Amino acid sequence: MKPVERHAKILEYLQQNGRTSVEALIAHFNTTGTTIRKDLTRLQQEGAVIRTYGGVMLNREEGDQPIDRKTLINTEKKKRIASCAASLISEGDSLIFDAGSTVLQMVPHLAKFNNITVMTNSLSIVVELNELDNDQVILMPGGTYRRTSASFHGSLAESAFSQFGFDTLFIGADGVDMNAGVTTFNEVFAVSQAMCNAAKKIVLLVDSSKFGRRSPNVVCSLDTVDVLITDSDISDGTFAQLREKGIDVIIAGDK
C-alpha cells in the first residue's frame with residue numbers, strides 16, 4: 001500500500017473509531033511501528049490528526065484535506081452513491097458539478113451521454129471528462145486556483161455561475177447538521193452558494209459519516225436540498241429527520 005493510500009485509510013479508520021492507540025493501528029494495518037509513526041508524523045504536520053500519549057485522534061478543527069486523499073476515504077460507498085446519482089441524469093440536461101470527491105466519482109458514468117452540459121469549478125473533473133469518448137459541453141468558471149481542492153474560487157467563479165441557469169447541481173459536503181444544514185471546511189465557499197442559486201434542483205451526495213458533523217462554513221440549509229443520496233449505514237433517526245424536511249432520501253447499495 002502506497003503511503004498516500006495508507007494515510008487516507010488511517011483517517012478513515014479514525015473517523016470510524018475515534019481516538020485510537022498506535023498499537024491498534026500497527027495491528028490493523030499489519031505494518032511496523034516505524035511506518036505508522038512516520039505516517040502519523042506526516043498527518044500531524046499537515047494538521048489532519050492530533051497526537052496524544054500513546055495514541056492519535058482526528059483534528060476536527062482541520063478537515064480540509066487534499067482532494068486526492070479525500071478520494072481514497074470511504075471509496076466504495078462514494079462509488080455507489082455516485083452511480084446512483086448518475087442514474088438521475090438524462091440526455092439534454094444541464095448540470096453543475098461541485099469539486100467534492102464523491103461527485104468526482106460520477107464522471108465515469110457520464111460516458112454514455114452525448115448531449116449534456118456540465119459546468120464545474122473542479123479541474124480534476126474537467127480532466128476526467130475530457131478523457132471520455134463522447135460529445136459533451138464542458139464549462140469552467142475561471143477564478144483563483146486552489147491547490148487543496150484542485151478547484152477555482154473567488155468573485156470571478158461566483159459571477160460566472162450567476163450568469164447561467166442549470167437543471168441540477170450535484171454537490172458534496174464535509175458535514176450535514178440538521179439545524180445548520182450543508183457545511184464545509186472550505187473557507188472560500190461562496191462559489192458553492194452561487195452554484196446552489198444557479199440550479200433548479202440540488203442533489204446532495206454524502207456518505208453516512210458526514211451526518212452529525214458541523215463544519216465551520218454553511219453552504220445552504222437542508223430546506224433547499226431536493227434529493228439526498230447516502231449509504232445504508234445512515235441511522236433510522238437521521239433518515240426520518242431528513243424525510244420530515246421534505247427531502248427525497250435515496251439509499252445507494254447495501255451494507
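For this chain, numbers begin at 1 and follow the sequence in order. Quick caveat: nothing in here was measured; it's all calculated off a predicted structure.
- Sorted by first then second residue, the ring pair (Phe, Tyr, Trp, His ring centres under 6.0 Å) pairs that include residues 83-134, not counting sequence neighbours, are Phe97-Phe170.
- Rounded to the nearest 0.5 angstrom, Ile138 CD1 and Asn130 CG are separated by 6.0 Å.
- Residue pairs meeting the salt bridge (charged side-chain N to carboxylate O under 4.0 Å, His left out) criterion with at least one partner in residues 82-101, sequence neighbours excluded, do not occur; the list is empty.
- The main-chain N or O of Phe152 is found under 3.5 Å from a side-chain atom of Asn121 such that the two form a donor-acceptor pair.
- The closest donor-acceptor contact from the side chain of Gln193 to the backbone of Val218 lies under 3.5 Å.
- Every residue meeting the side chain to side chain contact (heavy atoms under 4.5 Å, CB included) condition with Ala82, not counting sequence neighbours, appears here in chain and number order: Gln105, Met106.
- Evaluation of the side chain to side chain donor-acceptor pair (under 3.5 Å) rule for Thr238 yields Ser235 as partners, not counting sequence neighbours.
- Closest non-hydrogen pair, Ile234 versus Ser208, comes out as N-CB, 3.7 Å.
- Not one N or O on the side chain of Ser192 forms a donor-acceptor pair closer than 3.5 Å with the backbone of Val219.
- The salt bridge (Lys or Arg N to Asp or Glu O under 4.0 Å) check on Lys77 picks up Asp231, Asp233, with sequence neighbours excluded.
- With sequence neighbours excluded, the residues forming a side chain to side chain contact (heavy atoms under 4.5 Å, CB included) with Cys84 are Ile229, Ile250, Ala252, listed by chain and number.
- Applying the side chain to side chain contact (heavy atoms under 4.5 Å, CB included) rule to Lys200 yields the partners Asp167; only residues at least two apart in sequence or on another chain are considered.
- With hydrogens and angles ignored, the 3.5 Å screen pairs a side-chain donor or acceptor of Thr41 with a backbone N or O of Arg37.
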Side-chain atoms of residues 22-32: list all donor-acceptor pairs with protein atoms under 3.5 Å, sequence neighbours left out, distances to 0.1 Å.
{"residue": "Thr32", "atom": "OG1", "partner": "Thr35", "partner atom": "N", "Å": "3.1"}
{"residue": "Thr32", "atom": "OG1", "partner": "Thr35", "partner atom": "OG1", "Å": "2.9"}

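- Here the CZ atom belonging to Phe211 is positioned 4.5 Å from the CG atom belonging to Leu228, to the nearest 0.5 angstrom.
- The main-chain N or O of Asp207 is never found under 3.5 Å from a side-chain atom of Lys78 such that the two would form a donor-acceptor pair.
- For the salt bridge (Lys or Arg N to Asp or Glu O under 4.0 Å) test, residues two or more places apart in sequence or in another chain that qualify with Asp39 are Arg6.
- Panel note: side chain Asp226, backbone Ile202; a donor-acceptor pair is recorded below 3.5 Å.
- Under the rule for a side chain to side chain contact (heavy atoms under 4.5 Å, CB included), the partners of Ala157 that lie at least two apart in sequence or sit in another chain are Pro141, Val191.
- Residues in residues 124-133 take part in no salt bridge (charged side-chain N to carboxylate O under 4.0 Å, His left out) pair, two or more places apart or across chains.
- We find the CD-CD1 distance between Gln136 and Ile116 to be 4.0 Å, quoted to the nearest 0.5 Å.
- Thr184 and Asp174 form a side-chain donor-acceptor contact under 3.5 Å, judged by distance and modelled atom types alone.
- Residues satisfying the ring pair (Phe, Tyr, Trp, His ring centres under 6.0 Å) test with Phe161, not counting sequence neighbours, are none.
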